[in-house]
Amino acid sequence: MIPDPTDVVVIGAGQAGLSAAYHLQRRGLDYAVLDAEEGPGGAWRHRWKSLRMATVNGISDLPGIPKPEVDPAEPSSEFLTRYFGNYEAELGLSVRRPVKVRAVRREDDNPAGRLRIETSDGDWTAKALINATGTWTRPFWPIYPGQNSFRGRQLHVADYVSADEFRGQHVIVVGGGISAVGLLEEISRITITSWFTRREPVWRDAPFDAKAGHDAVALVEERVRRGLPPQSVVSVTGLIWTPALRAAKERGALNRQPMFTSIEPDGVRRADGSLLKADVILWATGFRAELEHLAPLHLRGPGGGIAMDGTQVAAEPRVHLVGYGPSSSTIGANRAGRAAVAAIIRLPGMAAAAEPVTWG
């Protein structure tokens, strides 16, 4: 089959991908957005129903069209799926779905040549690529001795539906991030929970202002510039107290224990040698960037990560990663989409194709 040619291919139609598409369209570039989901919304389509707009972390407006009025009680999965879908329709963004990208390769040795994008729905070639695949499809499961012997249920936060399914059971929550403490707060209201983390959680009493956010993003950005795997922003900022989390602390749900040493059929072996019986182990252990389709480009360096210059892969200027590392927040994703397109315009042979569009 003859591959479809375009200027830029965007992989993923979450916040970062839609932001990039907006700026590509404004610049008059020929582009295509390839999204593996069945419909709009990105990873928000899969968030648990109990995650309401009142409790979700701040969601930034997509560029050009602000969010409509928000009902704080509405599940974030429903509100943001609708918002993203309306955004795509109103701007006429070129999103094709469901399309799974299998591999991205260089067509030849020409550093200004084209990239071939192999997908479940035919191949594409492009002068540049914006990867916005996020992390939701790659949940991280730690490996512990005896893990397969556990007779209860194990699940990752990616598979979580609601606390009701654990009523009457003892649930162990593993992880020190926002998802872990949020689910502890929720589940501990209806059943027994225990909390385990590898490191002592760091709580933040001071308000998280603009300067604190800027400093946190800068530290994450420094890691990816050096080619190290990105860390979450919360690993830098610490956990922020909310009234709900203070209430969870009062009822003992946030009594953290050091990580268990092994898993046994009926529970976990604690660091002090005692056995803690449990029915469920919920792994709130985070996600990794979904980049396997980029493996043929050999972008990873000796540090285990991908050395970045802003959104641009340092060793491959045709490839930009948005929603990666410092741009994994919704504010960062918007900025990254704009920055990626601005850099792509400067690639050889690209500027002539770009004709700025004035929006009415």
Side-chain angles (χ1 to χ4, degrees), residues 1-25 27 29-46 81 84-85 87-89 91-139 158 287-300 306 311-313 315-324 327 333 336-337 340-341 343-344 347 349-350 353:
M1 294 180 62
I2 300 174
D4 289 326
T6 190
D7 291 328
V8 184
V9 163
V10 180
I11 307 176
Q15 182 106 17
L18 292 181
S19 172
Y22 170 86
H23 291 289
L24 287 167
Q25 191 179 76
R27 295 281 195 159
L29 287 168
D30 187 26
Y31 73 96
V33 182
L34 309 179
D35 188 44
E37 296 290 344
E38 295 288 335
W44 290 106
R45 293 169 57 83
H46 307 291
T81 294
F84 284 18
Y87 184 86
E88 291 178 17
L91 294 182
L93 299 181
S94 179
V95 181
R96 297 170 183 248
R97 59 169 62 93
V99 178
K100 172 68 175 175
V101 175
R102 294 170 174 155
V104 179
R105 309 178 191 277
R106 298 177 181 90
E107 287 226 305
D108 50 43
D109 295 330
N110 180 359
R114 299 182 74 86
L115 301 168
R116 180 180 287 260
I117 299 92
E118 301 172 3
T119 84
S120 60
D121 190 34
D123 292 358
W124 292 73
T125 68
K127 299 174 185 176
L129 177 81
I130 298 178
N131 191 85
T133 46
T135 62
W136 186 260
T137 55
R138 289 204 63 199
F287 299 79
R288 298 293 183 264
E290 178 55 89
L291 301 174
E292 290 184 355
H293 52 287
L294 302 182
L297 299 176
H298 304 290
L299 303 178
R300 292 193 184 276
I306 299 174
T311 64
Q312 193 172 54
V313 175
E316 179 47 271
R318 292 171 290 183
V319 176
H320 288 254
L321 307 182
V322 296
Y324 174 83
S327 63
V341 174
I344 285 170
L347 289 174
M350 189 68 76

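- In this structure A128 satisfies the side chain to side chain contact (heavy atoms under 4.5 Å, CB included) test together with V8, I344, L347, M350, sequence neighbours excluded.
- Residues passing the side chain to side chain contact (heavy atoms under 4.5 Å, CB included) test with T137 are E290, sequence neighbours excluded.
- For T119 and D121, the side-chain atoms include no donor-acceptor pair closer than 3.5 Å.
- The main-chain N or O of Y31 is never found under 3.5 Å from a side-chain atom of D7 such that the two would form a donor-acceptor pair.
- L297 places a side-chain heavy atom less than 4.5 Å from the side chain of V104.
- Taking each heavy atom of G113 and R318 in turn, the nearest pair found is O-NH1, 2.8 Å.
- Taking both residues in full, the closest heavy atoms of A21 and V33 are given as CB-CG2, 3.8 Å, listed atom of the first, atom of the second, then distance.
- For R45, the salt bridge (Lys or Arg N to Asp or Glu O under 4.0 Å) criterion is met by E37, not counting sequence neighbours.
- Side-chain contact between V319 and L115 is present, with heavy atoms from C-beta onward closer than 4.5 Å.
- With contacts defined as side-chain heavy-atom distances shorter than 4.5 Å, the pair E316/H298 does not qualify.
- With sequence neighbours left out, A132 forms a side chain to side chain contact (heavy atoms under 4.5 Å, CB included) with A16, V322.
- Here the closest heavy-atom approach between residue R106 and residue P296 is recorded as NH1-O, 4.3 Å.
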### Message
For I117 and D123: C-alpha separation, side-chain torsions, deciding distance, then whether side chain to side chain contact (heavy atoms under 4.5 Å, CB included) applies.
### Response
CA-CA 6 Å; I117 299 92; D123 292 358; over 6 Å; no
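- Scored by the salt bridge (Lys or Arg N to Asp or Glu O under 4.0 Å) test, R96 finds no partners at all (sequence neighbours excluded).
- Each of I11, T311, V9, V341 was checked for a side-chain contact (heavy atoms from CB on, under 4.5 Å) with I130, and the lone residue meeting it is V341.
- With sequence neighbours left out, R105 forms a salt bridge (Lys or Arg N to Asp or Glu O under 4.0 Å) with E118.
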### Query
Are H293 and K100 close enough, and set up right, to give a side chain to side chain contact (heavy atoms under 4.5 Å, CB included), and what steps lead you there?
CA-CA 10 Å; H293 52 287; K100 172 68 175 175; 5.9 Å; no
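- Residues R97 and P40 have side chains in contact (heavy-atom distance under 4.5 Å, counting atoms from C-beta outward).
- Among residues two or more places apart in sequence or in another chain, the side chain to side chain donor-acceptor pair (under 3.5 Å) test is passed with E107 by R116.
- Residues passing the side chain to side chain contact (heavy atoms under 4.5 Å, CB included) test with R300 are L291, I306, sequence neighbours excluded.
- Residues satisfying the side chain to side chain donor-acceptor pair (under 3.5 Å) test with T125, not counting sequence neighbours, are R114.
- Rounding to the nearest 0.5 angstrom, the gap separating the OH atom in Y22 from the CG atom in L93 is 10.0 Å.
- Annotation: side chain of Y324 is not in contact with side chain of T133 (no heavy-atom distance under 4.5 Å).
- The distance from atom NE2 of H320 to atom CG of L129, rounded to the nearest 0.5 Å, is 9.5 Å.
- Judged as a side chain to side chain donor-acceptor pair (under 3.5 Å), and not counting sequence neighbours, Q312 has no contacts.
- Here R102 pairs with nothing under the salt bridge (Lys or Arg N to Asp or Glu O under 4.0 Å) rule; sequence neighbours left out.
- Here the shortest heavy-atom pairing between F84 and G14 reads CE2-C, 4.0 Å.
- For F287, the ring pair (Phe, Tyr, Trp, His ring centres under 6.0 Å) criterion is met by W136, H156, not counting sequence neighbours.
- Note that CG of D30 is 10.0 Å distant from CG of D4, once rounded to the nearest 0.5 Å.
- Looking only at side-chain heavy atoms (C-beta outward), V99 and D35 stay at 4.5 Å or farther from each other.
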